[in-house]
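Note sheet for the following structure.
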Protein chains: 2
Amino acid sequence: MHLLMKNLPHKTIERLSQYRRALLLCHAQGMTYIYSHEIAKIQHITPVQVRRDIMLIGYTGTLRKGYNVMELIELIGNIIDSEEGINVCVVGIGNLGRAITNYFSGKRTKLSIAAVFDVEPSKVGKKYHLIDCFHIDDIPRIIKERKIEIGIITVPGEDAPAIAEILVKAGIKGLLNYTPKPVNVPNKVYLEEYDMITSLEKVAFFVKTHH
Amino acid sequence: MHLLMKNLPHKTIERLSQYRRALLLCHAQGMTYIYSHEIAKIQHITPVQVRRDIMLIGYTGTLRKGYNVMELIELIGNIIDSEEGINVCVVGIGNLGRAITNYFSGKRTKLSIAAVFDVEPSKVGKKYHLIDCFHIDDIPRIIKERKIEIGIITVPGEDAPAIAEILVKAGIKGLLNYTPKPVNVPNKVYLEEYDMITSLEKVAFFVKTHH
DNA sequence: ATAACAATGTGAAATAATTAACATTTTTCT
DNA sequence: AGAAAAATGTTAATTATTTCACATTGTTAT
Ligand SMILES: NC(=O)c1ccc[n+]([C@@H]2O[C@H](COP(=O)([O-])OP(=O)(O)OC[C@H]3O[C@@H](n4cnc5c(N)ncnc54)[C@H](O)[C@@H]3O)[C@@H](O)[C@H]2O)c1
Ligand SMILES: NC(=O)c1ccc[n+]([C@@H]2O[C@H](COP(=O)([O-])OP(=O)(O)OC[C@H]3O[C@@H](n4cnc5c(N)ncnc54)[C@H](O)[C@@H]3O)[C@@H](O)[C@H]2O)c1
């Protein structure tokens, strides 16, 4: 593993993921080289920031031609992906859980949803986009069997803390909580929380104040 | 409008929204006062940060008793809400669009979804959680009639830029793009973009590097 | 009454992230 | 060949955000 990786700013990691997505589209359109200002335009940021991020991962472009699209895609992959891939599970296969499962399935990537969980008897045993749905009591077993390292929580808010605890006990390494209820995890588990209401309220605030 | 509001850091706005949500739950449980360290615990941040945010909005608590829950809820409301409320629309009523519409409807808040749009003939004319679905050709008219100021984009990625343009032309003031495709808007429109893959890749990266 | 404690409020310091400035280099044009 | 243009790479400056450190002050215990 690169020494570089350790010290990459969080924001840079996010942007690398976004650059890669944009680059994949550019590659699909037949572009072989791209300038920092072109990437910047797509992502609504400055060219300097793009160059700095790319500098941080130790890649260097060609003066006057820019960056080799495919090389950059591969390097970003080396940085942010795990070689062997990482398995993910979704807990709570309601509206949001199904939308996410649907969204991910088919996307060829190093991240794949290896199981989904719910409590509803009518859902347990079914398949969602080819992925088995298990009862939450099976979380410990399935997580071990299927080497799942990351959990996405989409249960009703009030159940989120309990589910987080179950997942942590089962050995999960990272959690993505889409519930409005914050959950507690030990320090060794990486936690990311996102709530749409917060985003919307933020947009509303800036709409209100900037005009 | 407060002078204060103008200069609040973006991060503070996000946290205020989160504090309020947590405070509402505390209020519902009958708490009348709360300490900065209690809020901090819920949100996984430091008590100093909570106190600083609260300082920034000009509220002051009671020494030794902490903050009055209801007063704080109301003050945060004064800061981030619009008095009259803001109307929102969702464009693209697929899996994610429906999940979001479902999630928002019923939540009593100053933000309400006033219309949804799609292109599918089978969806146009129907109601989703009591909200009318119109054809995207009606965007300009409906946005004016219903005084919609914010748009949430949940169409397939490739259509997002075109939809953003239509919404901007129709006079939208803020956009929340849940598509993986970045869109362009003029400077006066506030834009927030969020992609789940990026979040998941970020979690995966830190899982990989921190262990 | 007084000391010990536990909370807030905040200037100052530290850290994180972005942006400016510019040296360098390749390409193109004359 | 030499000048002009346009791109990268990077140090330094700036700005944004978080954290430290501590003065202040109600509350509780002795
Ligand atoms: N729908 C959205 O767009 C949206 C947006 C932001 C946040 N959220 C949040 O995501 C969560 C799910 O939203 P939704 O709209 O999909 O709700 P939903 O009710 O459609 O789905 C919840 C699912 O969780 C299952 N469930 C309930 N208790 C469970 C438990 N203890 N263990 C496992 N599964 C359990 C239910 O059977 C159901 O399938 C909620 O917390 C919601 O606040 C949703
Ligand atoms: N499902 C998820 O969890 C998820 C997560 C992140 C991002 N996304 C993104 O959100 C978007 C929607 O995802 P989804 O799973 O709901 O897809 P979906 O196919 O279920 O829904 C898309 C909807 O948009 C409609 N549509 C198509 N073209 C349109 C146009 N020009 N104008 C208006 N409506 C149009 C379709 O009729 C459909 O109803 C996609 O861009 C996807 O990448 C989805």
Side-chain angles (χ1 to χ4, degrees), chain A residues 4-19 23 26 31-69 71-72 75-76 187 192 198 202 205-206 209-210, chain B residues 4-19 23 26 31-69 71-72 75-76 187 191-193 198 202 205-206 209-210:
Chain A
L4 291 167
M5 276 205 240
K6 287 284 185 188
N7 304 314
L8 291 174
H10 285 217
K11 289 290 184 67
T12 293
I13 298 299
E14 283 176 18
R15 284 190 299 262
L16 287 174
S17 163
Q18 290 161 359
Y19 297 163
L23 289 167
C26 294
M31 282 176 76
T32 52
Y33 281 89
I34 193 166
Y35 297 124
S36 61
H37 67 256
E38 293 175 301
I39 300 177
K41 183 91 185 297
I42 298 171
Q43 300 297 143
H44 318 303
I45 56 179
T46 65
V48 198
Q49 182 135 76
V50 173
R51 294 206 298 277
R52 165 145 321 249
D53 287 333
I54 290 174
M55 186 192 94
L56 289 173
I57 61 174
Y59 183 67
T60 123
T62 312
L63 203 57
R64 220 53 214 285
K65 277 206 285 184
Y67 304 96
N68 181 296
V69 173
E71 277 178 22
L72 193 47
L75 180 58
I76 293 176
N187 218 281
E192 177 101 0
T198 293
K202 192 178 161 194
F205 174 81
F206 286 108
T209 53
H210 276 52
Chain B
L4 291 166
M5 276 205 239
K6 287 284 184 188
N7 303 314
L8 290 174
H10 284 217
K11 287 290 183 69
T12 293
I13 298 297
E14 283 175 18
R15 283 190 300 262
L16 287 173
S17 163
Q18 291 161 359
Y19 298 162
L23 289 167
C26 294
M31 283 176 76
T32 52
Y33 281 89
I34 193 166
Y35 297 124
S36 61
H37 67 257
E38 293 175 302
I39 300 177
K41 184 89 184 299
I42 299 171
Q43 299 298 142
H44 317 303
I45 56 179
T46 66
V48 198
Q49 181 135 75
V50 173
R51 294 206 298 278
R52 160 115 12 216
D53 286 333
I54 290 174
M55 185 192 96
L56 289 174
I57 61 173
Y59 184 67
T60 123
T62 311
L63 203 56
R64 217 54 212 281
K65 276 207 286 185
Y67 304 96
N68 182 296
V69 174
E71 278 178 21
L72 193 46
L75 180 58
I76 293 176
N187 219 281
L191 174 67
E192 177 100 0
E193 308 200 300
T198 294
K202 192 178 160 193
F205 175 81
F206 287 109
T209 53
H210 277 52

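In the text below, chain A, chain B and the rest are named by the order of the sequence lines, each starting its count at 1. Everything quoted here is computed from the prediction, not taken from an experiment.
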Flag, side chain of B:Y19 to backbone of B:E14, donor-acceptor distance under 3.5 Å:
no

Can you label the angle between the B:H210 ring and the B:F206 ring as parallel, tilted or perpendicular, going by 30° and 60°?
perpendicular

Are A:N68 and A:Y33 side-chain neighbours, meaning at least one heavy-atom pair lies under 4.5 Å?
yes

Judged by nearest nucleotide, the residue sitting upstream toward the 5' end of DNA chain C, A:K11 or A:T62, is A:K11

So, do A:E38 and A:M31 sit near enough that their side-chain heavy atoms are less than 4.5 Å apart?
yes

Do B:I57 and B:L72 have side chains that approach each other closer than 4.5 Å (heavy atoms only, starting at C-beta)?
yes

Looking at every heavy atom in both B:Y67 and B:R51, which two are closest together, and how far apart are they?
OH-CG, 3.5 Å

Of all nucleotides in DNA chain D that come within under 4.0 Å of a heavy atom of chain A, which is furthest toward the 5' end and which toward the 3' end?
D:dA5 to D:dA12

Bounds of contact between DNA chain C and chain A, in 5' to 3' order, using a heavy-atom cut-off under 4.0 Å
C:dA17 to C:dT27

A:R15 and its side chain to side chain contact (heavy atoms under 4.5 Å, CB included) partner, picked from A:I45, A:I39, A:I76
A:I45

Using a 4.0 Å heavy-atom cut-off, does B:T12 contact any base of the nucleic acid, only the sugar-phosphate backbone, or nothing at all?
nothing

Residue mapping more 5' on DNA chain C - nearest nucleotide basis, A:R15 or A:R64
A:R15

Any non-hydrogen side-chain atom of A:Q43 less than 4.5 Å from a side-chain atom of A:Q49?
no

